[in-house]
Asker: 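Just passing along the structure, written as structure tokens.
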Amino acid sequence: MLPHLSPAAAEALRTALLRARYTTDGVRELLGPSAHAALGRSEVEPAFRASRDGAELGVLVRLLLLGSTEPDAAVAAALAPLPPADAAAAGLLLQEAQGWRAALDLRPYGDDDGDWWVLSDLDARRQERDHVTGVGAASLTLAAATVRRPVGSLLDLGTGCGVQALHAGRHARAVTATDVAPRALAMARATFALSGVDVELVDGPWLEPVAGRRFDQIVSNPPFVPGPARVDYVYRDSGQDGDAALAALLRALPEHLEPGGVAQLLGSWLHVRGEDWPDRVRSWLPDGVDAWIVQREVSDPALHVGTWQRDAGLDLASPGAREQAGAWLDWMERERVEAVGFGFLTLRRTDGEPSVVFEDLLGEVADPLGPETAGWLDRIDWLRAHARDDALLAAPLAVAPSVVLETYAEPGAEGWTEVGAAVARLDGPRWRHEVDGPAAALLAGCQGALALGELVELLAVAHDRPAGELVAAALPAVREFVRHGVLVPA
């Protein structure tokens, strides 16, 4: 059964959830830090214990988050003014002899500006082909990396349960969301109705539903898992061989962007024996786009296959899972796959000389990448406007406030001997650059008062080196410092 919330039912359910404080803050306060953290690890007993004295909120937590069957009277009180029978008719509850239990996952989700509620499938249905995932790691990762500047129109391509479209409603005047799966569209429609968000939903694969349309921004968490050309799970598998679906999407996206429009998506690409992965992805990019491709993880074939089988809830020791893993690994051997990369892809349609950058950013990043992505786009614009050496030399620059100089030394017979230095940002991706003495001195002089060219001339005199030699050595590094936000235009 597909969920269907009428406007009246959505309003009644929203009233009940707000009255009981079934919100992110309300649930966190009820459970307390320890039980809330345990629930995040799928350890439910501490949450059951913490919810016992939670009155109506406790009933909703046990019913909607913990998979409990709750008595009819308690559910009726917690959901009032929405009768449990009406919630069941909408596809949200199932009646049992002992009372009611959840038919879908309904959980609070929000940001600093307020709460939403997201509908998705329960984990018990995870091995169904059209399973709709909820607010998972990939959804949170993309949401944190998305640029949040006001735009007129935004497309959420492959919306699933609707997480990215919810966020988009905060900064886009008009939001369109697509999906190929009827079940996902039904979940998203119910999510939007319950959360009071206006989104245009259209049905169809990839970009077909928006043929001929352009948007100021596109976000997408597409089926990005490389493997054989089959679809075991709609949310995960593209049905195309390897990373061919990502390649086709990157080639097609710019046609659906307004001039200056930005597309951001998650993706995975193959590391093929004898190829450099940036060359592989670069071959997919059309003309006329800035591109920032950030590789966040690299998995060997066995880890890649095992990760996604576990994600599907499979028993990896079962004959069926072993057979699937074997076929997947055989395919990788035939395709000469050595590893699989995963990361963020940002494209911007431009009329200028495109800037295409590939970077590895492996390991944990504490700060959201959305502000960094917005800053990267601004800095690329500035560098394009200062592409000529004389323009860059005429610009005053300043070291960003979050940048520090680190020096390191090694022990010796007479104590510590300094052997190197680096400048590092203490925010964002924590970019770090090794620097020598002249580079450190140049950065120290970048305080926004003098043009870069004047600083280079002073440095040349101080170090008794030809100014032209220092210019040739410094400008490539300066451009890299600007791109990484170590230096900022004064």
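Throughout, numbering of the chain's residues begins at 1 and tracks the sequence.
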Asker: Taking R348 for the side chain and D290 for the main chain, is one N or O donor matched with an acceptor at less than 3.5 Å?
Answerer: no
Asker: Excluding sequence neighbours, so at least two apart, what forms side-chain hydrogen bond (donor to acceptor under 3.5 Å, both in side chains) with E200?
Answerer: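 Only T176, R213 meet the side-chain hydrogen bond (donor to acceptor under 3.5 Å, both in side chains) criterion with E200.
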Asker: How many angstroms lie between CZ in R349 and CD in E258, if you round to the nearest 0.5 Å?
Answerer: 7.5 Å
Asker: Determine whether D86 and L13 make a side-chain contact, defined as any pair of heavy atoms from C-beta on separated by less than 4.5 Å.
Answerer: no
Asker: Kindly state each residue pair satisfying side-chain hydrogen bond (donor to acceptor under 3.5 Å, both in side chains) with at least one member in residues 354-368, sequence neighbours excluded.
Answerer: W292-E359, Q295-D360, E359-R483, E359-H484, D367-R430
Asker: Scan the side chains in residues 177-189 for donor-acceptor partners under 3.5 Å anywhere in the protein, sequence neighbours excluded, and list what turns up.
Answerer:
unit_1: T178; atom_1: OG1; unit_2: G158; atom_2: N; d: 3.3
unit_1: D179; atom_1: OD1; unit_2: A181; atom_2: N; d: 3.0
unit_1: D179; atom_1: OD2; unit_2: T159; atom_2: N; d: 3.4
unit_1: D179; atom_1: OD2; unit_2: G160; atom_2: N; d: 2.8
unit_1: R183; atom_1: NE; unit_2: D121; atom_2: OD1; d: 3.1
unit_1: R183; atom_1: NE; unit_2: D121; atom_2: OD2; d: 3.0
unit_1: R183; atom_1: NH1; unit_2: M1; atom_2: O; d: 3.4
unit_1: R183; atom_1: NH2; unit_2: D121; atom_2: OD1; d: 2.8

Asker: Is any side-chain heavy atom of S139 closer than 4.5 Å to one of N221?
Answerer: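 Touching, per the 4.5 Å side-chain cut-off.
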Asker: Are the side chains of W206 and P223 in contact, using a 4.5 Å heavy-atom criterion?
Answerer: yes
Asker: Checking the side chain of Q217 only, and the main-chain atoms of V147 only, is there a donor and an acceptor separated by less than 3.5 Å?
Answerer: yes
Asker: Looking only at atom types and distance, does a side-chain atom of T191 sit under 3.5 Å from a main-chain N or O of L119, one as donor and one as acceptor?
Answerer: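 Flag set: sc T191 to bb L119 pair under 3.5 Å.
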Asker: Quick check: does any side chain N or O of H304 sit under 3.5 Å from a backbone N or O of G227, one acting as donor and the other as acceptor?
Answerer: no
Asker: For the residue pair H271 and W277, categorise the inter-ring angle as parallel (less than 30°), tilted (30 to 60°) or perpendicular (more than 60°).
Answerer: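 H271 and W277: parallel rings.
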Asker: Just by distance, do the side chain of D216 and the backbone of S153 share a donor-acceptor pair under 3.5 Å?
Answerer: yes
Asker: Start with the C-alpha gap between L157 and L249, add the side-chain angles, then the distance that decides, and say whether side-chain contact (heavy atoms from CB on, under 4.5 Å) holds.
Answerer: CA-CA 10 Å; L157 179 66; L249 181 58; 3.6 Å; yes
Asker: Is a side-chain N or O of R21 found less than 3.5 angstrom from the main chain of L30, in a donor-acceptor match?
Answerer: no
Asker: Is D198 atom CG crowded by more than 12 heavy atoms from other residues, nucleotides or ligands, each under 6.0 Å away?
Answerer: no
Asker: I'd like to know if the side chain of R296 and the backbone of L361 have a donor-acceptor N/O pair within less than 3.5 Å.
Answerer: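 Yes; at least one donor-acceptor contact below 3.5 Å.
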Asker: I need the W376 CH2 to T346 OG1 distance, nearest 0.5 Å.
Answerer: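 Between atom CH2 of W376 and atom OG1 of T346 there are 7.5 Å.
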Asker: Hey, does the side chain of S51 reach the backbone of G54 with a donor-acceptor pair shorter than 3.5 angstrom?
Answerer: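 It does not hold such a pair.
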Asker: Let's go through R14 and D115 carefully: what are the C-alpha distance in whole Å and the side-chain angles of both, what is the deciding distance for salt bridge (Lys or Arg N to Asp or Glu O under 4.0 Å) to 0.1 Å, and is it a yes or a no?
Answerer: CA-CA 11 Å; R14 183 164 56 249; D115 281 281; over 6 Å; no
Asker: Using every non-hydrogen atom in the two residues, find where Q309 and A321 come nearest and quote the distance to one decimal.
Answerer: NE2-O, 2.9 Å
Asker: Can you check side-chain contact (heavy atoms from CB on, under 4.5 Å) on Q324 and L314, steps first, answer last?
Answerer: CA-CA 10 Å; Q324 183 191 76; L314 298 180; 3.5 Å; yes
Asker: With side chains defined as the heavy atoms from C-beta onward, is the minimum distance between L265 and L253 less than 4.5 Å?
Answerer: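 Yes. Closest side-chain heavy atoms under 4.5 Å.
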Asker: Indicate the atoms forming the closest heavy-atom contact of T141 with L266, along with that distance.
Answerer: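 Closest approach of T141 to L266: CG2-CD2, 4.2 Å.
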Asker: In terms of heavy-atom contacts, does CZ of R322 have more than 12 from other residues, nucleotides or ligands at under 6.0 Å?
Answerer: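 Not buried by this count: 12 neighbours or fewer within 6.0 Å.
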Asker: Could you report the tightest heavy-atom contact between A165 and F192, atom names first, then the distance?
Answerer: CB-CZ, 3.6 Å
Asker: Find the distance between CZ (R251) and CG (L246) and round it off to the nearest 0.5 Å.
Answerer: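 So the gap between those two atoms works out to 9.5 Å.
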Asker: Measure across P84 and V75 and return the closest heavy-atom pair with its distance rounded to 0.1 Å.
Answerer: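 Closest approach of P84 to V75, heavy atoms only: CG-CG1, 4.0 Å.
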Asker: So, E70 and S68: side-chain donor and acceptor under 3.5 Å apart, yes or no?
Answerer: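 The answer is yes; a qualifying pair exists.
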Asker: For Y233 and E128, which heavy atoms make the closest approach, and how far apart are they?
Answerer: CD2-O, 3.6 Å
Asker: How about Y22 and V61: do any of their side-chain heavy atoms sit closer than 4.5 Å?
Answerer: yes
Asker: Just do the side-chain contact (heavy atoms from CB on, under 4.5 Å) check on L140 and Y109 with the steps written out, would you?
Answerer: CA-CA 11 Å; L140 296 172; Y109 173 67; 3.7 Å; yes
Asker: Are a donor atom and an acceptor atom from the side chains of R125 and H131 found within less than 3.5 Å of each other?
Answerer: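 Checked: R125/H131 side chains show no N/O donor-acceptor pair below 3.5 Å.
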Asker: Quick check: do L64 and R107 have side-chain heavy atoms less than 4.5 Å from each other?
Answerer: no
Asker: Got a second to check how far L92's CG is from L82's CG, nearest 0.5 Å?
Answerer: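 One gets 7.5 Å once the value is rounded to the nearest 0.5 Å.
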Asker: Using modelled atom types and a 3.5 Å cut-off, is there a donor and acceptor pairing between side-chain atoms of Q127 and backbone atoms of G313?
Answerer: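 Pair found, side chain donor or acceptor close to backbone of G313.
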Asker: Contact between H256 and V210 at the side-chain level, heavy atoms closer than 4.5 Å - yes or no?
Answerer: yes
Asker: Which residues pass the side-chain contact (heavy atoms from CB on, under 4.5 Å) test with R479, not counting sequence neighbours?
Answerer: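 Partners of R479 under the side-chain contact (heavy atoms from CB on, under 4.5 Å) test: L383, D389, L392, L475.
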Asker: Please list, chain by chain and in numerical order, all residues satisfying side-chain contact (heavy atoms from CB on, under 4.5 Å) with P228, sequence neighbours excluded.
Answerer: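 side-chain contact (heavy atoms from CB on, under 4.5 Å) list for P228, sorted by chain: R230, W328, W331.
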Asker: Between atom CG of D105 and atom CG of D123, what is the distance when rounded to the nearest 0.5 Å?
Answerer: 7.5 Å
Asker: Can you see whether T69 engages Q98 through a side-chain donor-acceptor pair at a distance of less than 3.5 angstrom?
Answerer: no
Asker: Evaluate side-chain contact (heavy atoms from CB on, under 4.5 Å) for V262 paired with T373, printing each intermediate quantity in order.
Answerer: CA-CA 10 Å; V262 175; T373 305; 5.8 Å; no
Asker: Is the CZ atom of R49 crowded by more than 12 outside heavy atoms at less than 6.0 Å?
Answerer: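 No, not enclosed.
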Asker: Does a sphere of radius 6.0 Å around CG in D351 hold more than 12 heavy atoms from other residues, nucleotides or ligands, not counting ones at 6.0 Å or beyond?
Answerer: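 No, CG of D351 has 12 or fewer neighbouring heavy atoms, counting only those of other groups under 6.0 Å.
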Asker: Are the side chain of D237 and the backbone of D232 linked by a donor-acceptor contact shorter than 3.5 Å?
Answerer: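 Here the side-chain-to-backbone pair exists.
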Asker: Between D311 and T133, is there a side-chain heavy-atom distance shorter than 4.5 Å?
Answerer: no
Asker: For residues S268 and V340, report the shortest heavy-atom separation together with the two atoms involved.
Answerer: CB-CG1, 4.1 Å
Asker: Which value, rounded to the nearest 0.5 Å, describes the distance between E56 atom CD and R19 atom CZ?
Answerer: 4.5 Å
Asker: Among residues at least two apart in sequence or on other chains, which ones pass salt bridge (Lys or Arg N to Asp or Glu O under 4.0 Å) with D111?
Answerer: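 For D111 the salt bridge (Lys or Arg N to Asp or Glu O under 4.0 Å) partners, ignoring immediate neighbours, are R170.
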